[in-house]
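Bear in mind that the values here come from a model prediction, so they are computed numbers and not experimental data. For this chain, numbers begin at 1 and follow the sequence in order.
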Amino acid sequence: MTTLLRGRLLSFRRAPQSLTDTDSFTYESDGGLLIENGAIAKIGPYADVKAKAPADVVEVDHRPHLIMPGFIDMHLHFPQMQVIASYAANLLEWLNTYTFPEECRFVESDHATRIATHFYDELVRHGTTTAVAYCSVHKTSADAFFSEALRRNMRMVGGKVMMDRNAPQGLLDTPQMSYDETRQVIADWHGKGRNHVAITPRFAITSTPEQMEAAAALAREFPDLHIQTHLSENYDEIKFTGELYPEAIDYTDIYARYGLLGRKSLFGHAIHLSEREADAMSEAGAIAVHCPTSNLFLGSGLFPLKALSRREKPVRIGVATDIGGGSSYSMLRTMDEAYKIQQLLGERLNPLESYYYMTLGNAEALSLEDKIGTLDAGTEADLVVLSAAATPAMALKMEVVKTLPEELFLLQTMGDDRAIVETYVAGKPAKTGLVNS
Ligand code: GUN
Ligand code: ZN
């Protein structure tokens with residue numbers, strides 16, 4: 001089936017240098033997007049695309065809404081949907097009191113299957129079409145995560161967490177088990193449908209050196225896979241990590257020693273990096289994944305996004321919700337908080353940059369920009385349709401909005417799932433079919 005979407009189209013070409021950097025994006029005020037077999041076949045002014053479309057094309061008119069590439073969430077925890085909104089003083093208390101006990105439940109495949117349904121419903125409801133997720137330590141959780149992604153034909157990255165110490169018994173594997181089960185998850189799911197498996201040692205605190213060796217072996221055997229872990233989120237965490245790995249120069253060096261620092265390595269948080277660590281990240285091309293709602297909610301710190309990206313040796317950056325340390329599934333809410341964090345640091349994060357990060361920026365951080373993150377012909381038709389007048393208060397403000405950046409900023413500042421009119425997954429509408437969409 002061939003579909004033609006009509007609406008205002010916005011897609012980034014590269015990172016915007018300023019609010020007036022109009023070369024950094026493509027904008028069609030009356031655009032047409034032709035979708036064939038789940039991919040974008042043509043993009044351009046509506047009249048041009050329509051003129052070349054097949055006679056039996058199915059048209060969907062999304063005017064006056066904005067059509068963008070679907071949002072990408074670079075870091076969140078699938079088993080933490082019922083951890084969100086847990087009252088804790090800091091990261092380690094939050095993990096031990098709420099998060100670890102909750103993740104123990106994912107040994108039950110019925111529970112994992114039920115939560116997987118809710119997980120993808122929430123992503124779609126919030127306009128997120130690709131996410132990079134941690135499952136629990138149990139293979140059952142990875143099976144539930146990937147089988148539901150396959151059923152919905154969503155491009156997902158995920159991994160069975162490797163953890164063999166400093167957590168309850170029900171959440172521990174062993175170095176050998178974590179190696180064997182990760183290999184099995186790769187064999188079962190990597191490349192099936194649109195699934196990608198990531199090697200996922202939770203963080204240095206919950207992995208012995210022997211387990212880090214197992215992760216290193218996996219990284220050597222599967223060099224194309226993403227690696228995800230946590231880095232430098234909280235001062236107590238950093239101190240404890242240093243005690244566990246006294247031979248390492250710093251936290252980043254632990255991962256480097258095990259061959260886990262490279263272009264496909266995704267480090268959640270990375271808030272409190274030293275200059276040496278930032279240099280090491282930059283030289284390796286590793287990604288620091290900013291999780292603003294989580295960093296504020298857990299009181300972890302203010303991520304120096306601007307300072308890291310304008311260094312002589314810039315650090316590559318992704319953005320994410322970090323559910324359930326994070327407090328919203330919405331990438332709009334996420335970038336609103338990212339903006340406020342930069343404000344507190346005396347920096348400006350302009351709205352063009354925010355939307356770049358949520359789409360092409362995150363796709364580049366995943367090395368998947370040939371598939372997702374833009375509206376370029378030949379890429380997958382994962383899309384979000386946005387309304388900046390979604391609530392009465394937004395509609396009122398919209399009356400005085402004059403420019404595209406102003407509209408984007410309003411959407412980011414006041415928008416949430418109500419601003420998501422539709423989410424397309426591989427060319428198919430996925431939000432309006434949800435119960436309570
Ligand atoms: N560090 C290790 N595990 C976690 C987690 O689940 N959430 C957050 N925010 N940080 C972590
Ligand atoms: Zn996390």
Side-chain angles (χ1 to χ4, degrees), residues 7-29 31 33 40 43 62 64-74 123 126-131 289-293 305-306 309 316-321 328-343 347-366 368-369 372-376 379 382-390 394 397-398 401-424:
R8 294 185 299 128
L9 308 179
L10 175 63
S11 174
F12 285 88
R13 294 198 190 113
R14 57 166 171 76
Q17 302 304 307
S18 71
L19 205 45
T20 53
D21 184 3
T22 48
D23 288 344
S24 65
F25 60 88
T26 303
Y27 177 67
E28 293 286 353
S29 55
L33 202 64
I40 297 170
I43 173 172
H62 281 301
H65 303 317
L66 199 56
I67 304 175
M68 290 193 66
F71 297 144
I72 302 170
D73 184 344
M74 288 281 288
L123 294 186
H126 289 83
T128 297
T129 49
T130 289
V289 183
H290 180 28
C291 307
T293 71
L305 182 147
K306 280 285 177 170
S309 47
R316 299 172 73 206
I317 287 167
V319 292
T321 62
S328 172
Y329 290 88
S330 166
M331 289 305 294
L332 297 171
R333 305 285 354 103
T334 298
M335 295 316 294
D336 181 43
E337 299 296 283
Y339 173 80
K340 293 173 190 168
I341 289 175
Q342 294 315 298
Q343 290 288 90
E347 305 273 9
R348 310 304 313 282
L349 179 66
N350 83 52
L352 292 179
E353 290 173 295
S354 288
Y355 286 77
Y356 161 77
Y357 276 123
M358 289 184 259
T359 57
L360 177 58
N362 275 353
E364 288 172 342
L366 286 172
L368 288 176
E369 69 273 21
I372 55 172
T374 68
L375 301 181
D376 293 352
T379 65
D382 290 345
L383 313 167
V384 61
V385 182
L386 295 154
S387 168
M394 290 172 79
K397 166 73 190 188
M398 209 35 204
V401 161
K402 293 193 178 58
T403 66
L404 178 66
E406 284 174 8
E407 179 183 354
L408 295 175
F409 197 50
L410 162 60
L411 262 170
Q412 171 187 305
T413 307
M414 299 181 79
D416 52 30
D417 54 320
R418 293 168 296 179
I420 310 300
V421 175
E422 186 56 279
T423 305
Y424 286 88

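- In this structure, V401 and F409 have side chains that are not in contact, with every pair of non-hydrogen atoms separated by 4.5 Å or more.
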Might you work through the side chain to side chain contact (heavy atoms under 4.5 Å, CB included) test for D336 and M414, ending with a clear yes or no? CA-CA 8 Å; D336 181 43; M414 299 181 79; over 6 Å; no
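- Between I317 and Y357, the closest side-chain pair of non-hydrogen atoms falls below 4.5 Å.
- Distance check: I67 CD1 to L383 CG gives 7.0 Å after rounding to the nearest 0.5 Å.
- How far CD of E353 is from CG of L305: 7.5 Å, rounded to the nearest 0.5 Å.
- Heavy atoms only, all atoms of each residue included: P69 and T359 are closest at O-CG2, 3.6 Å.
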Are L408 and L10 close enough, and set up right, to give a side chain to side chain contact (heavy atoms under 4.5 Å, CB included), and what steps lead you there? CA-CA 11 Å; L408 295 175; L10 175 63; 3.9 Å; yes
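- Side-chain contact between D382 and I72: absent, with no pair of heavy atoms (C-beta onward) separated by less than 4.5 Å.
- Y329 is not listed as a side-chain neighbour of D417, based on a closest heavy-atom distance of 4.5 Å or more.
- Considering all non-hydrogen atoms of both residues, H290 and P292 come closest at O-CD, 3.3 Å.
- Residues F25 and L9 are not in side-chain contact: their nearest non-hydrogen atoms beyond the backbone lie 4.5 Å or more apart.
- The two residues F12 and L352 have their closest heavy-atom pair at CZ-O, 3.4 Å.
- R13 contributes no side-chain N or O that, together with a main-chain N or O of T26, makes up a donor-acceptor pair within less than 3.5 Å.
- In this structure S354 satisfies the side-chain hydrogen bond (donor to acceptor under 3.5 Å, both in side chains) test together with Q412, sequence neighbours excluded.
- Judged by distance alone, the side chains of D416 and S330 never bring a donor and an acceptor atom under 3.5 Å apart.
- Heavy-atom contacts from other residues, nucleotides or ligands closer than 6.0 Å to NZ of K306 number more than 12.
- With rounding to the nearest 0.5 Å, the separation of OG in S309 from CD in E347 is 8.5 Å.
- Remark: side-chain polar atoms of E422 are not paired, donor with acceptor, to backbone N or O of I420 under 3.5 angstrom.
- Partners of Y356 by side-chain hydrogen bond (donor to acceptor under 3.5 Å, both in side chains), not counting sequence neighbours, listed by chain and number: E364.
- Summarising the geometry of A363 relative to I372, their closest heavy-atom pair is CB-O, 3.3 Å, with the distance given to 0.1 Å.
- With a 4.5 Å cut-off on side-chain heavy atoms, D21 and R14 count as touching.
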Using the rule given for side chain to side chain contact (heavy atoms under 4.5 Å, CB included), can you reason through H126 versus V384, listing the C-alpha separation, both sets of side-chain angles and the distance that settles it, and then say yes or no? CA-CA 9 Å; H126 289 83; V384 61; over 6 Å; no
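- Here the CG atom belonging to L66 is positioned 5.5 Å from the CD atom belonging to E407, to the nearest 0.5 angstrom.
- Taking all atoms of both residues into account, the shortest heavy-atom contact from P351 to P405 is CG-O, 3.7 Å.
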Between L386 and M68, is the side chain to side chain contact (heavy atoms under 4.5 Å, CB included) condition met? List the steps. CA-CA 8 Å; L386 295 154; M68 290 193 66; 3.8 Å; yes
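- Using modelled atom types, one side-chain atom of R8 and one backbone atom of P64 make a donor-acceptor pair closer than 3.5 Å.
- Separation of atoms CZ (R348) and OG (S18) is listed at 12.5 Å; rounding is to 0.5 Å.
- Counting heavy atoms from C-beta on, the side chains of V319 and N362 come closer than 4.5 Å.
- Pairing each heavy atom of R333 with each of G415, the nearest pair is NH1-O, 2.9 Å.
- Checked options T334, T321, T128, T129; the residue passing with D73 is T321 (criterion: side chain to side chain donor-acceptor pair (under 3.5 Å)).
- Considering only heavy atoms from C-beta on, D376 stays 4.5 Å or farther from I40 through its side chain.
- If you take CE on M74 and OG1 on T130, they are separated by 11.0 Å, rounding to the nearest 0.5 Å.
- When the options Q343, M335, E337, Q342 are evaluated for a side chain to side chain contact (heavy atoms under 4.5 Å, CB included) with Y339, the one that passes is Q343.
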